[in-house]
> 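Here you go, one structure.
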Amino acid sequence: AGGQPAPTQAPAVTKAPVAQPTVAQPPAPTQAAAVKPAATQAPAASAGAKVKKVAIVIPASRTDHGWNQQGADNLTSVGKELGITAEVAENQGYGDITPVLRDLQDKGFDLIICHASGYQTVCPEFAKKTKVKVAAIENQAAVTPGLISDIETQAQEAAYLAGVLAGKMTKSGTVGVVTSGEPPTWNYMTVGFAEGLKATKPDAKFLYSVIGEAAYEDAAGAKRVTASELAAGADIIFGMGDGASFGMVQAVEEHNAKGGAKAWFIDVIGDKRDIDKSKLLLSSVLFDYSGIYKQMIKDVEAGTFGKVYTMDVKNNGVHLLDLPPGVPADVADAVQKAKAEIVADKLKVSAISDSQKMRARINELFPKR
Amino acid sequence: MNRRSFVSAITPVISSGLVIAAAFLVGAILLSLLGKNPLQAYHVLISRGLGSSFGVSETLIKMAPLLIVSAGLLIALKASVWNIGVDGQFLVGACLAGVVAPKLAGAIPLVPMLFISALAGVLGGMLWGVIPALLKVRYGLNEIITTIMMNYVAVYLTSWLVKGPFKDPQVVPPQTAVVPEAFRLPPIPFTPVHIGLLVGLIAVLVVYLLFRNTTFGFKLWVLGQNPRTAIHAGMRVSRLTVLALLLSAGFAGLAGANDVLGVKGMFQGEWNPGYGLTGFALVFLARLDSLWVVPFAYFFSFLLLGGEIMARSANIPVYFVDVLEGLMLVFFAVGVYLERTLAERDRRRVPATQGG
Amino acid sequence: MTSRAGIDSSTTDKAGSQDSQNVLVEMRGITKRFPGVVANDGITLTIRRGEIHAVLGENGAGKTTLMNILSGMVCPDEGTIVIRGQEANIESPQDALRHRIGTVYQHFTLVPNLSIIENVVLGTPSRFVLALNQAEQRLREMLGGFELTVPLQTQVRHLSIGQQQRVEILKVVFRGSEVLLLDEPTSVLTPVEVKELFGILLGLKAQGVSLVLITHKLEEALEVSDRITILRQGKNVGELGPAALAGKDDVELKQRIVDLMFGGLPPQENGGRAKIAAAPAVLSLRDITALGDRGTLAVQEMSLELRASEIFGIAGVDGNGQKELAEVIAGQRLAVKGRVTLDGVEITNCGTSAAVKAGIVYVSDDRLGEASVPAGSVADNLVLKAIDRAPFSKRAMLNWSAIQANALRLIHEFEVKAPGPWTRLSTLSGGNIQKLLLARELALQPKVLVCNKPTHGLDLKTVRFVLQTLRAQADKGTVIVLISSELDEILALSDRIGVMYNGRLLATFERDEADLETIGHLMLGVRI
Amino acid sequence: MSAVPLEGFTTALLSAALIAAVPLLLAALGETFAEQAGLLNLGLEGMMLTGAFAGFFVALNTNSAYAGLAAGLGAGVLWGLLFGFLAISLRVDQVILGLAITILGAGLTGFLFRSLYGARFPTLDVSLPKVAIPLLAEVPIVGPALFRQQVVVYLTWALVVVSSFVLSRTRFGLELRAVGEHPFAADAAGVKVFRIRYLAIAIGGAMAGLAGAFLSVADLNFFVPGMTVGQGFIAIAITMLGKWKPGRVFVGALLFGSLRSLATGLQVVGVAVQPEFILMLPYLGLIVALVLLAGRTALPGALAIPYERGRR
Ligand SMILES: Nc1ncnc2c1ncn2[C@@H]1O[C@H](COP(=O)(O)OP(=O)(O)OP(=O)(O)O)[C@@H](O)[C@H]1O
Ligand SMILES: Nc1ncnc2c1ncn2[C@@H]1O[C@H](COP(=O)(O)OP(=O)(O)OP(=O)(O)O)[C@@H](O)[C@H]1O
Ligand SMILES: [Mg+2]
Ligand SMILES: [Mg+2]
């Protein structure tokens, strides 16, 4: 699994300088490292060195049942599996995370995963200064053999499947998206979802609303926004909101409790089945980083670190949560069919991270919004 | 004026020490209640935050924005202008700096480039400060409310700016173009700390001198004591109010520029360090006494940095840092009370002379 | 006065036993120290049933402190208080009120944004849900002679000083106090109002209420009181009982009291001033019209021409637009109509800063609320208006040594009782604060000096000092606008006198053609 | 827009507005009491969070939503009393205190939540039923929004009337206003200044705590660290917008809630405006409302000034 760059984007590896392997060297003394960019030192692509400590830096809480938890949990489990230290630096926000990176370097971590596209500038800069290996998100340009890798998540592909699912399942013909802001990952999925929906139900009505800027904790807001979309006729909600998404679930719950046509919720990242008391969870777009985390560690030890790792439907890095019982067979088939096409590269889902382009795209798909 | 304040110079040091101890003690109790080992945790805090070279340097780096923001808050609060809008002013300033800097980088020499970018930050802050200022003097709107509201507006405005007009098309996340490292704030010679720290120290010193030695500071103080008196004394109250808020906001914007030019290299969506609250805490703990801001700034910076590391290494939820910070504020407040009571007792002992 | 005669006999005839059971409150060996000051120094004071007991003393003598101790506002360091024969420890106003001791404080204690009736019932035991109507009923019954002219629902901030003081008295009477402490109640009243107040006090006395009257005005003390205690520098330096007060003829008695109060007084030189030369006007007002804080017409079409070194006295009952007029001249209040010119230059609505620069200074009567920074030091307050001038600042830089020197000089020149230049202003006594403010304004070498109640709350000595200072200033060429409700002071000082009523200047007199009667009537709007 | 069922949609928006207003209203009413008594409580945010957590915790363990609400209220009272002790008895600076409580509240609740539940995410099984008021609830559009709500919501509205009555018509209210405007005068008149202030801040805390508990127990059925997302500060703004008059505070909270709801509505119907600008609406709206309604508001005379008898 993993390895090949995403079909949609051209690999950036060629641009990167070639790594000349050298013997393993202890992490450079902080002071020196901090004072002068140690450009003279050779990239520490340390073939053969066993990886003992890996860390992940995440912007929000490791228990957000979303993006942050996904990365943290995956790395922790990989750590357990391989019997190595896995440390999680949570709630880092988008301020200056250099202190944390410095600390991790100081403690001799072999690999630091900067688990947010928002870290894609600071981490490579840090790596270049200190020769500590890092993995960035969504920054192919920074890829440097032996030093910097990049993680590409083709979330839109799985979101497309969710769109297909929604298109098949909706009875009202109205489908709603609720987001806690417009970070790249959410935008990718919004577009993927919209395209999947359009492909399955061209005349569908598509609702889109944002709870607020970085409103990942605003569960109450999420509930109100979701309730409004449901009231506007949506019977399927595709919700992206980490902590806030619990508010969405509750809105759907209360909507269903009123009786009338049942509404479904499609979640992203993370599996809420354990708290899905009223069985309204239709599915979830799941990410699984453990595959590529293991791969990375292998590559570091093999001295082949420093490339683009892609999570897509093909390598099952992103996939849909198994559909609940009682979902008609034809629906499942439609999803399977779409998946097959994506895997066979017959179907390209546009990868759009930019908010404005994203909005342009959904307006183009569903003009009468 | 508080330069003559009766609290003798040394008491704050002592009480501050006690206060910190008290906060850590309560924190320790809380930890042990939840089955954690406080000693180990605190050991990490000290050894990483103070013991390690990177700990010290990073603490000093984090200090810069705190100092700059506090300098501004000192001006506003001494004039009783309640600028709660530091965060918004910071964001707008940072955003403008983040837009201007990359364009200038390389186009013109480093020094003017830094100056102009910093200026952009200051102007951004002032732009955000002038609105509540005018609302206050024109319509008598209480700045506490308007500045709070402006914070939210700033978040949405800047987030739109970096998603739309000013987004760097080359990269995925919403952020401005990156300033090449060669064009960031240079380090203080022989240290890994960028010169933002000096800017911060100078800012605080300037404010100290402003209130100690200038008529403008004196007028701000009178205004802060009682606007009616300021009017009666022939001071231009509206002008003073606007200036106080503008300067304060300007410093906030400068802090934004500092972070963009010093550490981040660009302005980024969802970035909101919220120095305002910490700055407020600092300034009040320093009892609006300018120079005291410096040690407090160092300590808070140390706490924010070491606290996070402690939480991680001793696997305590990071929220524990906030708990410590909050406790410290409470105990500081109590400390102030104790000092005052002692001071009054001293004054009672003054041999009573006859008559008034 | 009949009432006094009555008491005289009682005390002269069967003294001793009678007297002792007459005693209502006894303060024994009261001592109170404040930082740097002994405000009360082993004072003993006895208050008897149904007497009016005047307490005299110069500024800072400790009168207010003594009263505050009895009213529970200040706790004494030493001494005991005996009420109705039992030792009482008064630790809070609640305690004092429980002992039926009511107080009218030197600085009024009314809540400005509450209505009259709300202020009156505030703090009285009542049901959870207020029954203001019933309270009003009771109040009206008690009111009797005592007219309030305004509805009881009016918010207190809308009342004139005189009215406010009536409310203060109402408050304590409403609670059925047996002892009534009044700290300088007359200092804010016009002669007419003073008469009325005394009427009320005598009425209360007749009902058996004991009153303690703090004042600086000897005549007043002698007029109503049965007993006079004199404080000096925190000590009780003498008590004159009914006998002493009755017997002697006033002149001698007065001299004796004054000696006790001040240990001798410089003789007052009231040398008549030379007539003002017919020079062009320095300050001139052309039909000035201005609004009051409540948007009502406070000053209406007032015109004035004031020449160099002229002292123009404005007599009038409080709240007839004098304050507003003063503020217009000082640039502190907008004139909606008319022009103000100084030396021919128009300065209408130029704002305070310009006015001060132009040489117009204003001694406000609101000493703590407007004229000073109570939390600031004496020195800070003394340069409040001159901070932009040399030597206190050069090129916007402060010169603290000059500021300190200035403070030391003025404290000395004006004989201010203050521990030092850096003491907190608010800890000074009312009188001393006023001296400081006056000192500050005069130090500005003004062309025009507007002063509102410059001697309010000052003791005789200080009053004379102030009046002399003003006259001297006028002789230097300064135009002085003297606003006061103290007629005699206006007569003593002014070259010309105008009477203000309802925001209008009813009439102006040259000093020699002015007489108390006419002016007194005009102040009440009565033309003769 | 045609396809959207207008009636249901409008009802939903209306209802959303009302519910969004409830925590703001509760907190702001509490703040009204505190500030009218001269206590500036900038710690609302922290008190609300604490109330939210305490309410959630108790409701979870007792399986009673009402117990949860009570707990939130209780937690608020405790904060109030702590604030009172420090600000009233020790005359500590109220601004520091407020900030301290804001930070401490956020820290403590996050810390406890994480320490107790780790990565688990418990939700409440209990919830407050919506009670429909006969007849009224049947009125089209507004009916279901106004008159099919949880009891707490009706209670909150009642509290507006009660508060306004207590403040303006009772002895307690009178003494409270006096203490906040001119404590010396109140003291001189025999009012127990400290006691009144303690009561006021306790009420303020209680309502803030209840506001938080409403979020976690009534509106939602779970706790998320930081779930008050700054509503405490908005409530302070609304208090001033309301000039410390319950009625106006009510109007202010509704205004803000409606703007929030409107911001959603506009997005759902697909107005072609950047969401950022739509989401700014409530905050800009509040400023405009201030310009129009609350210019030159005089703060309570003794706001944030500790009282000390006999100090000059
Ligand atoms: N709270 C206080 N703190 C410090 N000093 C005080 C305080 N109250 C009074 N004093 C001092 O005690 C002395 C007596 O003050 P007090 O007000 O009793 O004098 P007074 O006789 O009322 O004067 P006046 O006639 O001017 O009102 C003055 O020197 C004053 O400065
Ligand atoms: N208990 C209440 N419930 C609902 N609305 C109220 C209540 N009390 C007052 N209002 C409304 O709120 C607004 C403010 O009322 P309130 O009486 O508190 O202020 P006001 O006394 O009219 O103002 P001011 O005191 O400045 O004259 C008015 O529109 C009033 O109708
Ligand atoms: Mg006095
Ligand atoms: Mg009213």
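Values in this document were obtained by computation on a predicted structure and should not be read as measured data. Per chain, numbering begins at 1; letters A, B, ... match sequence-line order. These values consider heavy atoms only, across backbone and side chains, with no hydrogens, waters or symmetry-generated copies.
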> Out of A/G118, A/A214, A/G212, A/P99, which one racks up the most heavy-atom pairs below 4.5 Å with chain B?
A/P99
> Measuring heavy-atom distances to chain A, does B/Y319 have an atom under 4.5 Å in its side chain, in its backbone, in both, or in neither?
side chain
> Please classify the contact between A/Q92 and chain B as side chain, backbone, both or neither, with a heavy-atom cut-off of under 4.5 Å.
side chain
> State, yes or no, whether a side-chain contact exists between A/L101 and A/C123 at a heavy-atom distance under 4.5 Å.
yes
> In terms of heavy-atom pairs under 4.5 Å, which option from A/T185, A/N187, A/D96, A/D103 contacts chain B the most?
A/D103
> Among A/K357, A/K107, A/R62, which residue forms the greatest number of heavy-atom pairs with chain B at distances under 4.5 Å?
A/K107
> Side-chain donor-acceptor pair under 3.5 Å between A/N68 and A/Y216, yes or no?
no
> What I'd like to find out is whether the side chain of A/K52 reaches to under 4.5 Å of the side chain of A/I84, using heavy atoms alone.
no
> For B/F90, which of B/W128, B/F251, B/W271 qualifies under ring pair (Phe, Tyr, Trp, His ring centres under 6.0 Å)?
B/W271
> With a 4.5 Å limit on heavy-atom distance, are the side chains of B/Q175 and B/V162 in contact?
no
> At a heavy-atom distance under 4.5 Å, which candidate from A/G93, A/A89, A/S61 has the highest pair count against chain B?
A/A89
> Under 4.0 Å between a Lys/Arg side-chain N and an Asp/Glu carboxylate O for A/K129 and B/E181?
yes
> If we define contacts as heavy-atom pairs under 4.5 Å, which of B/Q170, B/K62, B/E308 has the most with chain A?
B/E308
> Charged N to carboxylate O under 4.0 angstrom, A/R361 versus A/E364?
yes
> Heavy-atom cut-off 4.5 Å, strictly under: side chain, backbone, both or neither for A/E213 against chain B?
both
> Checking B/E270 against chain A: side chain, backbone, both or neither under 4.5 Å from a heavy atom?
both
> Heavy-atom pairs under 4.5 Å with chain B are the metric here; pick the option from A/D354, A/V122, A/N139 that has the most.
A/D354
> Which atoms of B/V178 are under 4.5 Å from chain A, going by heavy atoms: the side chain, the backbone, both sets, or neither?
side chain
> Please classify the contact of A/V88 with chain B as side chain, backbone, both or neither, using a heavy-atom distance under 4.5 Å.
backbone
> Counting only non-hydrogen atoms closer than 4.5 Å, does A/I137 touch chain B with its backbone (N, CA, C, O), its side chain (CB onward), both, or neither?
neither
> In terms of relative ring orientation, are A/Y289 and A/H115 parallel, tilted or perpendicular, with 30° and 60° separating the classes?
perpendicular
> At a heavy-atom separation under 4.5 Å, does A/N91 approach chain B through its side chain, its backbone, both, or neither?
side chain
> Go through the atoms of A/F126 and report whether side chain, backbone, both or neither lie under 4.5 Å from a heavy atom of chain B.
neither
> Taking the side chain as every heavy atom from C-beta outward, state whether B/L277 and B/D87 have any atom pair closer than 4.5 Å.
no
> Do A/E138 and A/E152 make a side-chain contact, defined as non-hydrogen atoms from C-beta onward lying under 4.5 Å apart?
yes
